[in-house]
Amino acid sequence: MTPFQHDLLEWYRAHRRALPWRAERDPYRILLSEVLLQQTRVGQAVPYYRRFLERFPDLRALAGAQLEEVLHAWQGAGYYARARNLHKLAQAVAAQPRPDLPASYARLRELPGLGPYTAAAVASIAFGEPVAAVDGNVRRVISRLMAWENPTLAQLQARADQLLSAEHPGDWNQAVMELGATVCTPRRPACPACPVARWCQGKGAPECYPAPKARRQKAVTAVAVVLRGARGVLLEPRRGRVLGGLWGVPMAEGEALGPLLERLAADHGTPIAPPEPVGTVRHAFSHRKLEVRVYHSAWEGPGHDPASKPLSQLDRKILRQAQAL
DNA sequence: AAATCGTGGGG
DNA sequence: TCCCCAAGATT
């Protein structure tokens with residue numbers, strides 16, 4: 001073991017946060033934690049991890065569930081494709097002669113929703129395979145160690161594989177990520193507290209590495225109608241990639257309410273009483289700033305209980321605005 | 001291969 | 001209030 005590896009692993013063992021999945025050996029639980037952690041902070045993932053396991057304690061339970069139940073457990077966690085893929089994954093594995101998670105990076109990588117990072121994380125943490133997991137933390141830590149401004153994924157992966165402790169790949173991967181999450185942070189990194197600062201070429205100007213990526217959010221306006229009556233609130237299943245599989249309030253892009261009302265009247269064969277505005281809801285997605293003008297009106301047709309359907313946070317905000325949740 | 005997918009904490 | 005962006009994957 002190199003001094004570098006020794007110092008970081010010792011630091012990790014002394015300073016790591018006590019996270020629920022760190023006490024687990026069950027590969028399914030490791031997998032769930034890694035999928036939940038995709039683009040998600042630890043603090044936000046923990047309650048979902050607990051709730052999800054309570055509802056789906058193993059792969060079999062998950063495979064046997066309806067997608068809508070799975071999405072309900074995922075409700076609020078965002079990036080719902082993760083839940084759809086996890087459900088698919090469980091069914092694919094359950095359909096095999098030996099219904100267990102595959103134990104190698106290569107075969108994990110073939111499963112839906114498992115990309116290079118997650119397959120490497122599960123292979124190393126759950127199965128001890130020496131593969132480096134490269135996430136945003138690792139990218140930042142290595143970029144600073146090397147003083148790289150714009151490394152490619154291939155460069156990062158190659159360097160990460162070199163640095164990897166083959167004896168303790170699971171702890172090693174988590175150690176690098178833990179360092180990035182708690183010490184080598186995007187802003188105001190705590191270099192004096194860093195266990196491997198003596199090897200770092202970027203510590204003079206850590207925030208220069210890696211160069212920040214450009215993002216832009218486009219502003220979009222929309223209208224939504226909350227139709228509500230004695231038989232419940234009118235909710236529609238959402239199709240397509242955005243919030244697919246969840247339910248939601250009837251909504252349309254733009255400012256015009258007319259076309260939306262016409263569609264609803266046609267879909268349900270019922271004219272709709274002129275809606276009243278009840279306010280505006282603002283909600284930011286990754287690449288959109290959404291401003292939704294919310295209306296409400298009476299509805300005598302069949303409806304739903306919003307609590308019984310998986311809903312996005314956007315729809316929950318809209319329903320709250322109309323006092324229907 | 002660039003664009004897209006949610007949400008919430010923190011500066 | 002606004003902007004950043006987090007244990008990425010998919011198409």
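Numbers restart at 1 for each chain; the letters A, B, ... are given by sequence-line order, proteins then strands. Nothing here was measured: the structure is a model prediction, and the numbers come from that model.
More than 12 heavy atoms of other residues, nucleotides or ligands lie within 6.0 Å of CD in Glu236(A), so this atom counts as buried by the packing criterion. Other residues, nucleotides and ligands contribute over 12 non-hydrogen atoms within 6.0 Å of the NE2 atom of His268(A).
For dT7(B), one of the phosphate oxygens OP1 or OP2 lies less than 4.0 angstrom from a side-chain nitrogen or oxygen of Tyr80(A). Here Ser33(A) does not reach the OP1 or OP2 of dA7(C): none of its side-chain N or O atoms lies under 4.0 Å away. Of the side-chain N and O atoms in Arg84(A), none sit less than 4.0 angstrom from OP1 or OP2 of dC5(B). One finds no side-chain N or O of His287(A) lying less than 4.0 angstrom from the OP1 or OP2 phosphate oxygen of dC5(B). Under 4.0 angstrom from either OP1 or OP2 of dC3(C) there lies at least one side-chain N or O belonging to Lys289(A). Side-chain nitrogen and oxygen atoms of Gln38(A) include none within less than 4.0 Å of the OP1 or OP2 phosphate oxygen of dG8(C).
No N or O donor and acceptor, one from the side chain of Tyr117(A) and one from the base of dG8(C), sit under 3.5 Å apart. With hydrogens and angles ignored, a donor-acceptor pair under 3.5 angstrom links the side chain of Ser286(A) to the base of dG6(B).
Rounded to whole Å, the distance from OH on Tyr49(A) to C1' on dA7(C) is 14 Å. Note: CD (Glu34(A)) to C1' (dA7(C)) measures 6 Å, nearest angstrom. Taking atom CG on Leu243(A) and atom C1' on dT4(B), their separation rounds to 12 Å, with Å as the unit. Distance Leu37(A) CG to dT7(B) P: 17 Å, rounded to the nearest Å.
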Distances for protein N or O near nucleotides 9-11 of chain B N or O, under 3.5 Å:
residue: dG9(B); atom: N2; partner: Arg41(A); partner atom: NH2; Å: 3.2

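Arg238(A) comes within 4.0 angstrom of nothing in the nucleic acid, heavy atoms only. Heavy atoms of Leu19(A) sit under 4.0 angstrom from at least one base atom. Residue contacts shown for Ala77(A) include a base, since a base heavy atom lies under 4.0 Å away.
Within residues 119-137 of chain A, the residues approaching DNA chain C are Asp135(A), Gly136(A), Asn137(A), by heavy-atom distance under 4.0 Å. Taken residue by residue, residues 305-324 of chain A places heavy atoms nearer than 4.0 Å to DNA chain B at Ser312(A), Gln313(A), Leu314(A).
Both His283(A) and Lys218(A) lie near DNA chain B, and the one whose nearest nucleotide falls closer to the 5' end is Lys218(A). For Trp21(A) and Pro112(A), each mapped to the nucleotide of DNA chain C holding its nearest heavy atom, the one lying further toward the 5' end belongs to Trp21(A).
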Could you tabulate the donor-acceptor pairs under 3.5 Å formed by side-chain atoms of residues 287-297 of chain A, not counting sequence neighbours?
residue: Glu291(A); atom: OE1; partner: Arg282(A); partner atom: NH1; Å: 2.8
residue: Ser297(A); atom: OG; partner: Ala273(A); partner atom: O; Å: 2.8

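Across dA7(C) and dA2(B), the matching P atoms stand 24 Å from one another, rounded to whole Å. Comparing the same atom, C1', in dC5(C) and in dG6(B) gives a spacing of 12 Å after rounding to whole Å.
Checked against salt bridge (Lys or Arg N to Asp or Glu O under 4.0 Å), Glu167(A) has no partners two or more places apart in sequence or in another chain. The salt bridge (Lys or Arg N to Asp or Glu O under 4.0 Å) check on Arg60(A) picks up nothing, with sequence neighbours excluded.
The side chain of Glu178(A) lies closest to dA7(C) when the candidates are dA7(C), dG8(C), dC5(C). Each of dT7(B), dA7(C), dA9(C) was ranked by its minimum atom distance to the side chain of Thr118(A); first place goes to dA9(C).
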